[in-house]
Each structure stands twice: as C-alpha cells, then as structure tokens.
Amino acid sequence: MLIRMSNPISFSSFISPTLQAISIHENEIESLDRAIGDGDHFINLKRGVTAIQSITHELDSLPNSQQAKSIGMKLLSSVGGASGPLFASFFLEFSKHYNDENSTLENFCQAFTEGVDAIKRRGKSDVGEKTMLDVLVPVAELIKLASLNKLDIIELSQQVITKSIECAESTKSMLPTKGRSTGLGDRAIGHMDPGAKSCQVIICEICNQIISRG
Ligand code: ADP
Ligand code: MG
C-alpha cells in the first residue's frame with residue numbers, strides 16, 4: 001500500500017527559510033570549514049541558495065521534479081568547491097526519480113536515495129568518511145524505514161531532526177578519508193564536518209517547516 005503525502009508542497013516554498021537558516025549558522029559553518037577545510041563552505045552554500053532564490057518565480061510555475069532539475073543546473077553553474085557539484089548531482093538525480101503524479105512518501109524516498117547515491121558516485125565516497133554523506137545516508141535510511149512502517153509525515157520530520165543532529169555530531173570523532181580535510185589526518189578529529197553541519201541545518205529547517213505547516 002502506498003502512503004500519499006497529504007499535501008505535496010512546492011519545493012520553492014522552502015528556499016527563503018533555507019537561506020535564513022544557513023545565515024543564522026554562518027559563523028558555525030564558516031569556522032568548521034576554517035578548522036578542517038579552507039573556510040569557504042558557508043560562502044559556497046550561500047552563493048548556491050541565493051542563486052536558487054533568484055529563480056524562485058521561475059520555479060514556482062514548475063512541478064517539483066522540474067524544480068529539482070533547475071535547482072541542480074543552477075547549482076552547477078553558480079557554485080564552485082567540492083560541495084557545489086555534489087549538491088547539484090543530488091538534485092539532478094532526484095529530479096529523474098521524483099514522480100509529480102504520484103507524490104507518495106515511497107516515491108520521495110526513492111528519489112532522495114537516488115540523489116544520495118549520485119553524491120556517492122560523484123564524490124567516490126560513502127558513509128563513515130567524515131562528509132555530508134554521514135548525515136544524508138542515515139536520513140535516507142530513516143525515510144525508507146518510515147515509508148515501510150507507514151509513519152506519519154510529522155512524526156517522520158521529528159525523527160529526521162533528531163537523527164540529523166546526532167549524525168552531524170558523530171562526524172566529530174571520524175577520521176576524514178575524503179575531501180580537503182583528509183590531509184589533516186588525526187588533527188581533524190574533534191571537529192564536525194562542515195558539509196555534514198550544513199546538510200543538518202538545511203534538513204532541520206525543511207522538517208521544521210513541514211511540522212509548522214501541519
Ligand atoms: P571545498 O572542500 O572544495 O572547499 P566546500 O567547502 O564547499 O568545498 O565543501 C566541503 C564539504 O564537502 C565537506 O565538508 C564535505 O562534507 C563535502 N565533501 C567534500 N568532498 C566530498 C566527497 N568526495 N564526497 C562527499 N562529500 C564531500
Ligand atoms: Mg571549503
């Protein structure tokens with residue numbers, strides 16, 4: 001049996017809240033990338049979300065799958081660094097699997113998981129390497145479990161918030177084996193991964209929006 005998401009929300013409605021949420025965490029995200037990267041992660045992130053915000057009106061008229069495709073293309077053309085192409089891969093792959101006519105949690109879960117797998121392919125990386133995947137992979141698994149257990153979307157959003165915070169935190173004790181922090185070796189231990197933190201902030205904001213909109 002399929003669980004229909006009661007009211008498919010336009011993805012574009014999350015853009016401004018996301019920009020606000022990352023701006024609130026500017027200092028934290030920037031200092032994490034200064035500690036174990038090159039300090040530009042917040043700038044890359046802000047550039048990407050601001051570029052997406054500039055096409056909000058265009059996105060508003062598109063179905064969610066096409067919005068995801070336009071978001072991916074925009075990220076590809078506007079954000080450098082490692083994270084830009086990785087986030088772009090997520091949205092481009094997500095768009096291929098999201099079914100606007102059948103917006104069930106099962107379908108969302110499949111599209112989300114395919115997006116995360118595209119990051120793995122692009123980054124030649126996987127969970128446990130102190131990257132954004134350490135938040136995204138467990139969140140994808142949680143959504144899968146929720147869709148199997150027919151969990152209510154509000155309950156799922158609350159669980160995702162808790163899980164993503166816990167997972168971003170867990171990157172502190174990890175040894176980096178992908179990305180710029182790899183060269184630091186042991187010295188990166190004790191610091192949270194900036195990409196894991198930014199994914200956590202974005203995911204939590206989207207979940208809070210879903211909860212507050214009921
Ligand atoms: P750069 O590392 O080029 O300066 P950013 O600072 O924007 O780019 O992004 C850094 C983040 O990107 C890291 O914190 C990590 O989460 C993520 N990242 C980097 N390389 C990879 C990879 N190969 N696979 C998955 N995520 C990665
Ligand atoms: Mg960086």
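Below, each value reflects all heavy atoms present in this structure, side chains not excepted, and no hydrogens, waters or symmetry copies. Numbers for residues simply follow the sequence, beginning at 1. Only a predicted model underlies this, so the values are computations on that prediction, with no experimental measurement involved. We count ligands from 1, going down the list as the structure has it; atoms in each ligand are counted the same way.
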Chemist: Please classify the R180 to ligand 1 contact at 4.0 Å (heavy-atom distances, strictly less than): side chain, backbone, both or neither.
Modeler: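 For R180, only side-chain atoms sit under 4.0 Å from ligand 1.
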
Chemist: Main chain of V139, side chain of K163: is a donor-acceptor contact present, judged purely on distance under 3.5 Å?
Modeler: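 No, the answer is negative, given that no donor and acceptor are paired below the 3.5 Å cut-off.
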
Chemist: Got a donor-acceptor contact below 3.5 angstrom from the K74 side chain to the V49 backbone?
Modeler: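 Answer holds: no.
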
Chemist: Kindly identify the option in S83, P176, S198, S125 whose heavy atom sits closest to atom 24 (N) of ligand 1.
Modeler: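 When every heavy atom of S83, P176, S198, S125 is considered, S125 comes closest to atom 24 (N) of ligand 1.
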
Chemist: I'd like the atom name of the N/O/S atom in D38 lying closest to the Mg ion (ligand 2).
Modeler: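 In D38, the heteroatom (N, O or S) nearest the Mg ion (ligand 2) is OD1.
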
Chemist: Taking 4.0 angstrom as the limit, do E141 and K144 come out as a salt bridge?
Modeler: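 No, no charged N to carboxylate O under 4.0 Å.
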
Chemist: For G81, is at least one N or O under 3.5 Å away from an N or O on ligand 1?
Modeler: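 By distance alone, the answer is no.
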
Chemist: May I ask you to say whether K197 pairs ionically with E28, meaning some side-chain N is under 4.0 Å from a carboxylate O?
Modeler: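 A salt bridge links K197 with E28.
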
Chemist: When you measure from the side chain of T50 to the backbone N and O of R47, does any donor-acceptor pair fall under 3.5 Å?
Modeler: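 Checked: no pair found.
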
Chemist: Going by the closest heavy atom to atom 3 (O) of ligand 1, which one wins out of G80, A82, G48?
Modeler: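 The nearest heavy atom belongs to A82.
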
Chemist: Starting from atom 23 (N) of ligand 1, locate the nearest protein heavy atom and write down its residue, its atom name and how far away it is, to 0.1 Å.
Modeler: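 Closest protein heavy atom to atom 23 (N) of ligand 1: G123 O, 2.9 Å.
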
Chemist: What N, O or S atom of D33 is found closest to the Mg ion (ligand 2)?
Modeler: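 Result for D33 and the Mg ion (ligand 2): OD2.
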
Chemist: Quick check on the 6.0 Å ring-centre criterion: do F108 and F94 meet it?
Modeler: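 Distance test on ring centres: under 6.0 Å, yes.
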
Chemist: Do other residues, nucleotides or ligands put more than 12 heavy atoms under 6.0 Å from the CD atom of Q20?
Modeler: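 Result for CD/Q20: open.
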
Chemist: Tell me: protein heavy atom nearest atom 20 (N) of ligand 1, and distance?
Modeler: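 For this ligand atom, the closest protein heavy atom is G179 CA, 3.5 Å.
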
Chemist: Out of H41, E129, R34, who gets a non-hydrogen atom closest to atom 10 (C) of ligand 1?
Modeler: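 It is H41 whose heavy atom sits nearest to atom 10 (C) of ligand 1.
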
Chemist: Got a salt bridge between D126 and K120, using NZ or NE/NH1/NH2 to carboxylate O under 4.0 Å?
Modeler: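 Looking at D126 and K120, the cut-off is met.
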
Chemist: Taking S65's backbone N and O only, do any of them form a donor-acceptor pair with D100's side chain (distance below 3.5 Å, no angle check)?
Modeler: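 Pair found, side chain donor or acceptor close to backbone of S65.
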
Chemist: Tell me, which N, O or S atom in D40 is closest to the Mg ion (ligand 2)?
Modeler: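 The Mg ion (ligand 2) is closest to the D40 atom OD1, counting only N, O or S.
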
Chemist: For D38, counting its heavy atoms only, list the atoms of ligand 1 lying under 4.0 Å from any of them.
Modeler: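 Contacts of ligand 1 toward D38, numbered from 1: 4 (O).
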
Chemist: Given T171, T177, L86, which one has a non-hydrogen atom that is nearest to atom 27 (C) of ligand 1?
Modeler: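 Among T171, T177, L86, the closest heavy atom to atom 27 (C) of ligand 1 belongs to L86.
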
Chemist: How about F112 and F90: are their ring centroids closer than 6.0 Å?
Modeler: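 F112 vs F90: aromatic centres under 6.0 Å.
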
Chemist: Closest non-hydrogen protein atom to atom 17 (C) of ligand 1, residue and atom name please, with distance?
Modeler: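 Going by distance alone, atom 17 (C) of ligand 1 is nearest to M132 CE, 3.8 Å.
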
Chemist: Out of all atoms in ligand 1, which are within 4.0 Å of some heavy atom of D40? Include the element for each.
Modeler: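 Per the distance check, 4 (O), 5 (P), 6 (O).
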
Chemist: Using a heavy-atom cut-off of under 4.0 Å, does the side chain or the backbone of L45 touch ligand 1, or both, or neither?
Modeler: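 None of L45 does.
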
Chemist: Within the 4.0 Å heavy-atom shell around D33, which atoms of ligand 1 are there?
Modeler: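 What qualifies from ligand 1 is 6 (O).
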
Chemist: Just by distance, do the side chain of D40 and the backbone of E30 share a donor-acceptor pair under 3.5 Å?
Modeler: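 Side chain of D40 to backbone of E30: no pair is present.
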
Chemist: Below 4.0 Å from ligand 1: does a non-hydrogen atom of P194 turn up there or not?
Modeler: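 For ligand 1, residue contact (heavy atoms, under 4.0 Å) with P194 is present.
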
Chemist: For atom 13 (C) of ligand 1, which protein heavy atom lies nearest, and how many Å away is it?
Modeler: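 Heavy-atom neighbour on the protein nearest atom 13 (C) of ligand 1: D193 OD1, 3.5 Å.
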
